[in-house]
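Inspection log for the structure reproduced underneath, given as structure tokens.
Every chain is numbered from 1, with letters handed out A, B, ... down the list of sequences.
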2 protein chains.
Amino acid sequence: MKKPNAPQPKTGGPTPKGQCAKRVSILDAAADVFCREGFAGASIDEIAMEACVSRQTVYNHYREKETLFMAVVQDIMDRANGALFSILATFPDNGDNLEDDLTAFAVRLNKNCVCNHDGKFIRKLVQTEGERYPHLFEIWRQQGPGKIGTALSALFARLSHVARLDIDDFDLAAKQFLALVNADLPMNSFFGGVPTDEELEKAARAAVRTFLRAYGGKPAKGAGQVEELREEPV
Amino acid sequence: MKKPNAPQPKTGGPTPKGQCAKRVSILDAAADVFCREGFAGASIDEIAMEACVSRQTVYNHYREKETLFMAVVQDIMDRANGALFSILATFPDNGDNLEDDLTAFAVRLNKNCVCNHDGKFIRKLVQTEGERYPHLFEIWRQQGPGKIGTALSALFARLSHVARLDIDDFDLAAKQFLALVNADLPMNSFFGGVPTDEELEKAARAAVRTFLRAYGGKPAKGAGQVEELREEPV
DNA sequence: GACGAATTAGACAATGGTGTCTAATTTTAC
DNA sequence: GTAAAATTAGACACCATTGTCTAATTCGTC
């Protein structure tokens, strides 16, 4: 029952542009349709149409609907993961201008990881298909943006060494930071549109202000050596 | 997927009789299946099966699939709305024991409105079908739990008259309160299971502590009762 | 018990989806 | 230029679903 024309694994060299372009095109279209219609509601014909490709080509590249679906998920996860870590790398590393720096960071995070197309897709996906494909949810939590919380936690721990932050539970603080940052986003960002830059900025600043009201500024009442911090065990 | 025909409805309590029982049974089953499979993935046969009712009866009561879907949505919205307002009525009205009272309130809110079956359904629904049925989203935002934010806002305003709260934007504070309360919930509450009472309590207390660190305690600089304000920052 | 309304199982056409197959055509590689 | 591979359109079998219809059966009520 093997197909006569088994696709040769390309040896990493100059992969034919046409073929690769089709793959990408299919993946993009499939992401779109799956996101819009859900797994059950998406039809291969619609995907092929949107990818400007014949249905058979879809089946040639991805054996069946579920295979295609998984490939889409993996693709989006990888992209989202890349974006996430590139943004996390811009987390402030000094306390000179905490409010502004954290606000700008929050804006970047929301704009590139949470509110963008991929973020929306993943959230929708985990909610709608997480029950049917439990390992999807597992992958998301382990290797995907689900671990944003722990990553942020470490960054806050680092930051607390050089800035006035009175955090005792970094994990909790990270989760709360994320929650606050999304608290004031307009709800239509749930599906339809991406919030404007102004909305993002406003929401982020409000969140950071509250966060710093809760966690900002060490007591600093009794001692005078607050400028430079002592080393603390992690 | 269940027993083909079990004449006994599963709902306990005062069972409505006759056709009314069937209606309720169908509505319940439909909510279940729609929530699990989405609109496109849900089949009338499955709903009829789960409701222990023939397919024709479903069509007799609700003309077609979309009618049934809308009826389910309306039903869940009404229930959720009722639960929400009964919980909002228990919002603390004095500041004698703010942390405990707000924590208990947050637990009630999460347990009965956010993490329960209806809340999960509505959230999933708005995300998956909000695009296809925009008026669904509109109804949700106007008459449903979507307005929880504004309601809470008024309650915080009331509370601030009799408690030590330094809130300038009640609307924002309400949104942030809600966000914080959900920040530390275990993620599996997203679909699978309801968090345990311990998890709810822990998450709520952490949220309220942070909230009160940010908003609790009016400046009160002129007075001398500062010692009670902030204790043990560790 | 009897009558009418509700319910049931099952058949049914229509539709739309998946996945396979073929034969023709285009693209790519050599 | 030629051969191999990829792509295409279209037909196809198969299956699931929706919504209708009918004839038998059960239920509620008198």
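- At a threshold of 4.5 Å between non-hydrogen side-chain atoms, the residues M70(B) and Y62(B) do not count as touching.
- If you check every strand for non-hydrogen atoms under 4.0 Å, A42(B) touches sugar and phosphate atoms only.
- In the region residues 44-53 of chain A, proximity to DNA chain D at under 4.0 angstrom, judged on heavy atoms, holds for C52(A), V53(A).
- Atom OG1 of T103(A) and atom CZ of R108(A) lie 10.5 Å apart (nearest 0.5 Å).
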What nitrogen or oxygen pairs link the protein and nucleotides 10-12 of chain C at under 3.5 Å?
residue	atom	partner	partner atom	Å
dA11(C)	N6	R55(B)	NH2	3.0

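- Note that CD of Q176(B) and CZ of F211(B) are 7.5 Å apart. Values are rounded to the nearest 0.5 Å.
- Residues E50(A) and R36(A) are in side-chain contact: their nearest non-hydrogen atoms beyond the backbone lie under 4.5 Å apart.
- A distance of 7.0 Å separates OG in S86(A) from CG in N112(A), rounded to the nearest 0.5 Å.
- The side chain of S54(B) lies closest to dT7(C), out of dG19(D), dT7(C), dT20(C).
- T57(B) has no side-chain polar atom (N or O) that falls below the 4.0 Å cut-off from OP1 or OP2 of dT7(C).
- Test F170(A), F105(A), F177(A) against F156(A) for ring-ring contact (aromatic ring centres under 6.0 Å, His included) and you get one pass: F177(A).
- Neither OP1 nor OP2 of dA6(D) sits under 4.0 Å from any side-chain N or O of H61(A).
- Comparing dT8(D), dT8(C), dT18(C) against the side chain of N60(B) picks out dT8(C) as the nearest.
- A sub-4.0 Å separation between OP1 or OP2 of dT8(D) and a side-chain N or O of K22(A) is present.
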